[in-house]
Structures are given as C-alpha cells and as structure tokens.
Amino acid sequence: MVPRWLLVLPVLLLALAFQAILRAPPPKLCGSAGGPPVTSPRIKLRDGRYLAYREDGVQRDKARYKIITVHAFDSTKDLPPPVSKELVEELGIYLLAFDRAGYGESDPNPGRNVKSEALDIEELADQLELGQKFHVLGVSMGGYSIWGCLQYIPHRLAGAALVVPVINYWWPSFPAELSRQAFKKMVVPEQRTLWIAHNAPYLLYLWMTQKWLPSSAAAMHHPEIFSKHDVEVIQKMMAMPRFIENKSRQQGVYESIHRDLLVAFGNWEFDPMNITNPFPTNEGAVHIWQGYEDRLVLVELQRYISKKLQWVQYHEVPEGGHMFMLVDGWTDKIIKTLLVGEEASPM
C-alpha cells in the first residue's frame with residue numbers, strides 16, 4: 001500500500017506553490033540594504049514606522065493657514081497640488097505633504113486602513129507642532145484619508161477639501177441600483193479589479209501582476225479612463241519644462257498601489273454618509289469638488305453623497321475631468337475657497 005504521507009505530499013506542495021503565487025514579495029524599505037535611499041525628512045511614528053514629508057509655502061511659524069495635503073493613487077508628496085506662489089504669499093499658507101504608508105519614502109503599514117491614515121496625519125501634525133487645528137486637502141485616492149479625518153479626528157480640523165475623492169461602491173447608504181449602474185459605467189478591467197479588491201482581496205496581487213488580462217486601468221494609465229479635458233491637461237503638463245521622478249512604487253507595488261485599492265474598496269468601519277457635521281457653528285467648512293466629465297470617480301455618486309450630507313459644500317466643474325485641478329488656476333480657486341470661503345467661478 002502507498003504510505004499516506006505520499007498521498008498528502010502533492011496536495012501540500014500544490015498548496016505551498018499556490019500560496020507563493022498569491023503572496024507578494026516583501027517591500028524594499030527605504031534606507032535598508034538593497035532598498036532605495038532616504039532623501040527626505042521623516043518622522044518616527046508611535047508604532048515605529050517612518051513617515052516622509054515635504055514642506056512648502058511660507059515658514060511654518062509665520063503661517064496664517066496650515067494645510068496638510070494628501071496625494072492621489074500612484075503618486076507621492078513630491079507631486080503636490082500646483083498652488084501659485086502669489087496665493088501662498090497673499091494668504092500666508094504653509095503646505096505640508098507626506099508620503100502615505102508604503103508610498104515614496106514612508107514605511108509600509110500592513111495594517112493600513114482608513115483610520116490609520118487619519119491617525120498618521122494627526123501624529124505628523126503633532127510632531128511638527130502645527131497647533132490644535134489645521135486644514136486638510138485630499139485628491140482622488142487621497143480622499144479616503146480625508147473621510148478618515150472627518151470620522152476620527154474632526155476636532156483637529158479647521159476645514160477640509162476633497163477633490164474628485166474616491167468612492168467605495170459598497171458604502172451601505174448607496175441605493176443598490178444607483179451603485180450598480182455607476183459601477184457598470186467603468187471600463188471593464190477596472191470593474192474586475194475593484195470587485196476583486198472588495199470580494200477576494202487575497203487574489204489582488206495575483207490579479208494585478210498576471211499578464212493574460214488587463215487589470216487596473218488606473219494603475220496602467222489606460223487611455224479610456226481619461227476624459228477629453230484630462231487629455232488636454234496631460235498635454236499641458238507634458239509641455240512644462242519641470243520633471244519630477246515618480247517614486248510611488250519604489251518600495252514595491254503591493255504596499256503602495258495594491259494596498260490603496262484594498263483599503264479604498266474594502267469594508268470600512270463606518271459609512272461616510274453617516275458622518276455628522278464637524279463644524280456645527282460654521283467655524284469651518286467641508287468642500288467636495290467634482291468634475292462632471294470624470295471617468296474614474298462618477299458624478300452621480302458624488303451628487304448623492306452631497307445630498308445626504310447637506311452640510312458639505314459641493315462644487316461641480318461642468319467640463320472638468322479627473323485632473324481638472326492641475327491646470328487653469330483651479331488649485332488656487334480650491335484652496336482660496338477652503339481658507340477664506342470665496343466661491344470659485346465655473347469653467
């Protein structure tokens with residue numbers, strides 16, 4: 001008779017092989033042997049991780065307004081919103097950008113979630129002594145960090161702006177049919193990717209690295225995700241002489257862009273549409289900015305959120321795509337509205 005262990009061995013070997021395929025390789029930590037160099041200032045967080053940051057604008061101790069900006073998917077602190085020097089000096093603005101966990105030069109956080117992002121922001125503000133209150137501005141995928149701030153550290157906020165903020169199609173407050181119809185409007189590869197991130201997260205690394213079928217359209221910068229206005233924005237940016245190397249994935253794709261997908265489209269601990277107004281006496285404001293032609297974050301869902309949260313000031317840019325804030329002075333308009341309440345004119 002064949003020994004039982006010989007029957008079990010092939011199953012075990014197959015299981016180990018499958019596990020190896022599903023498991024992402026360990027990240028290459030900045031400053032470690034064989035890892036990227038550390039070139040930016042960093043703080044050490046309570047849990048031992050390092051968080052890299054970048055300071056712009058007026059000096060911190062002379063600023064009238066302090067804004068922490070949160071970068072988008074597949075980006076870093078070194079690609080901050082293009083605010084003009086004139087506005088910075090006029091209003092006395094200090095800008096603090098940071099690499100979210102796993103991006104750029106910040107250590108990965110295997111336990112990253114919406115709450116941990118908000119707490120990273122709070123600890124960064126405290127270690128750099130920004131004071132009791134500060135403004136926050138998140139772009140695209142950075143929007144979930146701002147929802148986290150509104151949920152977990154509202155008492156620290158002087159105001160908040162969410163620009164084309166990412167939307168989780170599985171937030172409970174969405175009517176099922178509305179969410180389903182919006183989901184179907186995305187390009188098919190993106191539908192598949194978000195479905196896996198939400199329903200089968202253990203398969204995401206395999207899905208994102210396989211070569212047989214297109215995976216995330218956003219990660220691959222697929223042309224179908226860009227509106228006509230987005231294409232014009234890209235052309236204007238390519239004509240600019242300044243070039244900044246994108247180091248978003250330098251520690252590995254799993255703890256940067258893959259982890260972003262898992263957090264943004266996984267199960268949240270709260271529903272943003274149940275958040276209460278953090279500024280009941282109008283001492284601050286929350287703004288959502290949305291491009292009507294955006295193909296990544298769909299306008300109908302953003303409109304529904306703004307109707308549920310009537311204390312949010314909703315701004316819709318008629319011809320704007322996902323990248324509208326990068327040109328035509330829109331960053332200045334968004335920041336000025338956030339800080340002093342001046343309404344920006346439409347495109």
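Numbering starts at 1 and runs along the sequence shown. Note that the coordinates shown come from a computational prediction; the quantities given were computed from them, not determined experimentally.
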Looking only at side chains, do [X] and [Y] share a donor and an acceptor under 3.5 Å apart?
X    : Y    : result
D61  : Y94  : no
E255 : Q251 : no
S40  : K77  : yes
E269 : Y152 : yes

Exercise for the section: If the plane angle is over 60° it's perpendicular, under 30° parallel, otherwise tilted; pick one for W170 and H198. Expected result: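 Plane angle under 30°, so parallel.
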Problem - Aromatic plane relationship, Y103 with H71 - under 30° parallel, 30 to 60° tilted, over 60° perpendicular - result: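 Aromatic pair H71/Y103 classed perpendicular.
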Quick one: pull up [atom1] in [X] and [atom2] in [Y] and give me the separation to the nearest 0.5 Å.
X    : Y    : atom1 : atom2 : answer
S256 : R112 : OG    : CZ    : 8.0 Å
S216 : F73  : OG    : CZ    : 5.0 Å
E123 : L45  : CD    : CG    : 4.5 Å
F174 : L301 : CZ    : CG    : 4.5 Å
K133 : E283 : NZ    : CD    : 6.5 Å
I146 : L137 : CD1   : CG    : 7.0 Å

Handout entry: Cluster overlap L51 with V38, hydrophobic side-chain contacts below 4.5 Å
Key =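 No.
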Problem - Neighbour count >12 (heavy atoms, 6.0 Å) for atom OH, Y314 - result: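 Yes.
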Problem - Neighbour count above 12 (heavy atom, 6.0 Å) for E177 CD - result: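 For E177, atom CD is crowded (more than 12 foreign heavy atoms under 6.0 Å).
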Handout entry: Flag, side chain of T76 to backbone of D99, donor-acceptor distance under 3.5 Å
Key =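 Flag not set: sc T76 to bb D99 has no pair under 3.5 Å.
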Practice task
Report yes if some heavy atom in the side chain of I67 is under 4.5 Å from a heavy atom in the side chain of V136; otherwise report no.
Solution key: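 A side-chain contact under 4.5 Å is absent here.
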Exercise for the section: With the side chain counted from C-beta on, respond yes when E300 and K185 share a heavy-atom pair under 4.5 Å apart, and no when they do not. Expected result: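 Touching, per the 4.5 Å side-chain cut-off.
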Exercise for the section: Please report the shortest heavy-atom distance between V297 and Q302, naming the atom on each side. Expected result: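 Smallest interatomic distance, heavy atoms only, reads CG1-NE2, 3.3 Å.
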Problem - Check: Y65 ring centroid to F134 ring centroid under 6.0 Å - result: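 No; F134 has its ring centre 6.0 Å or more from that of Y65.
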Handout entry: Candidate list V263, D260, D120, test side chain to side chain contact (heavy atoms under 4.5 Å, CB included), partner R100, passing option
Key =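 That would be D260; it is the only one of V263, D260, D120 passing the side chain to side chain contact (heavy atoms under 4.5 Å, CB included) with R100.
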